[in-house]
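Notes to accompany the following structure.
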Number of protein chains: 2
Amino acid sequence: MERNTALTVFDSLSSGVRLDVFRLLVKTGADGMVAGEIAQALEIPANNLSFHLKALTQVGMLGVTQEGRFLRYRANIPQMLDLIGYLTEECCANDPGQCATMRAASTCDPAVLPALATTHTQTSGAF
Amino acid sequence: MERNTALTVFDSLSSGVRLDVFRLLVKTGADGMVAGEIAQALEIPANNLSFHLKALTQVGMLGVTQEGRFLRYRANIPQMLDLIGYLTEECCANDPGQCATMRAASTCDPAVLPALATTHTQTSGAF
DNA sequence: TCAATAATACAACGATAGTTGAAATATACA
DNA sequence: TGTATATTTCAACTATCGTTGTATTATTGA
């Protein structure tokens with residue numbers, strides 16, 4: 001992923017409305033949701049939601065398909081993964097052993113995620 | 001991770017300076033870097049860098065330790081993992097099979113990352 | 001103690017983002 | 001064709017962010 005893409009994506013996720021929308025669509029996966037359904041689920045005025053859907057779509061985090069007079073939005077999971085890859089790039093260049101527990105992150109398995117916070121300890125003790 | 005924490009973290013990563021700083025410190029891992037080294041590496045005026053270091057520290061993405069008159073900054077890797085977990089939460093609630101290739105994301109192994117973009121295809125064909 | 005260095009704090013300016021209300025486009029159905 | 005619905009577009013206002021220049025704090029070493 002290019003630096004500027006990552007910047008626009010992070011910016012797109014720094015709004016409460018857009019973060020809620022994206023996470024909702026991550027959960028629905030390939031099914032996606034129609035704009036009206038999203039507005040109803042998150043209780044956001046249609047025009048305001050439209051503003052944020054456009055922003056998310058322009059940065060590539062959402063895809064759209066028309067269904068009659070409805071617009072169906074879907075999360076762009078591959079781009080989300082690219083973003084994660086960009087952020088974690090060379091994260092353990094100096095000490096590969098430090099990264100052992102990071103391998104399991106960004107998983108869909110809820111059983112794996114809770115363990116991360118406790119198993120991954122920094123050697124510096126700064127936190 | 002709480003919603004508001006995720007928001008402030010995403011906001012902190014939506015600035016070019018801060019994204020560069022954080023990625024640099026991710027690479028140095030537990031060693032971290034002194035403020036002056038970061039300023040030199042990224043060619044950023046000291047006062048401006050200080051502004052962004054403070055922002056990153058306040059949202060918990062960086063940790064600081066004093067070494068004489070130097071301040072050493074380190075990336076908060078566990079929080080980065082929490083953020084990734086928050087973003088990808090329940091990402092495949094409806095179809096666990098879709099998530100198979102996502103398991104490998106957020107890894108430190110450079111051999112794994114390039115494969116993600118090609119192996120993970122959406123069933124919708126929207127992208 | 002005094003000078004030099006590392007880093008932060010403050011003030012001010014210009015630029016950009018988010019929300020709201022009103023209007024417009026486009027599709028569906030009678 | 002005409003009306004209702006889904007969604008977007010536009011204008012305007014407020015609020016917030018990032019950079020720069022200047023001043024300040026804190027630590028080191030003579």
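Order of the sequence lines sets the chain letters (A, B, ...), proteins ahead of strands, with each chain counted from 1.
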Nearest-Å distance for atom pair [atom1]/[atom2], residues [X] and [N]:
X     : N      : atom1 : atom2 : answer
A/L71 : C/dA28 : CG    : C1'   : 14 Å
B/I38 : C/dT8  : CD1   : C1'   : 14 Å
B/L53 : C/dA9  : CG    : C1'   : 14 Å
A/L49 : D/dT9  : CG    : P     : 13 Å
B/L56 : C/dA7  : CG    : P     : 16 Å
B/I44 : C/dA6  : CD1   : P     : 17 Å
B/L42 : C/dA7  : CG    : P     : 14 Å
A/Q40 : D/dT5  : CD    : C1'   : 14 Å

Following the transitive rule for hydrophobic clusters with a side-chain heavy-atom cut-off under 4.5 Å over Ile, Leu, Val, Met, Phe, Trp and Tyr, establish whether [X] and [Y] coincide in one cluster.
X     : Y     : value
A/F70 : A/L42 : no
A/V34 : A/I38 : no
B/I77 : B/L24 : yes

> Once each nucleotide of nucleotides 10-30 of chain D is scored for protein heavy atoms under 4.0 Å, what B/S/- sequence comes out, 5' to 3'?
Replying inline: --------SB-BB----BS--

Does any non-hydrogen side-chain atom of [Y] lie less than 4.5 Å from one of [X]?
X     : Y     : answer
B/D82 : B/V9  : no
A/H52 : A/V21 : no
B/Q58 : B/T8  : no

> At under 4.0 Å between heavy atoms, what does B/A35 touch on the DNA or RNA strands: base, sugar-phosphate, or nothing?
Replying inline: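 Sugar-phosphate contact only.
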
> Does the side chain of A/Y73 get closer than 4.0 angstrom to OP1 or OP2 of D/dA6 through an N or O atom?
Replying inline: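 No, no such contact exists.
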
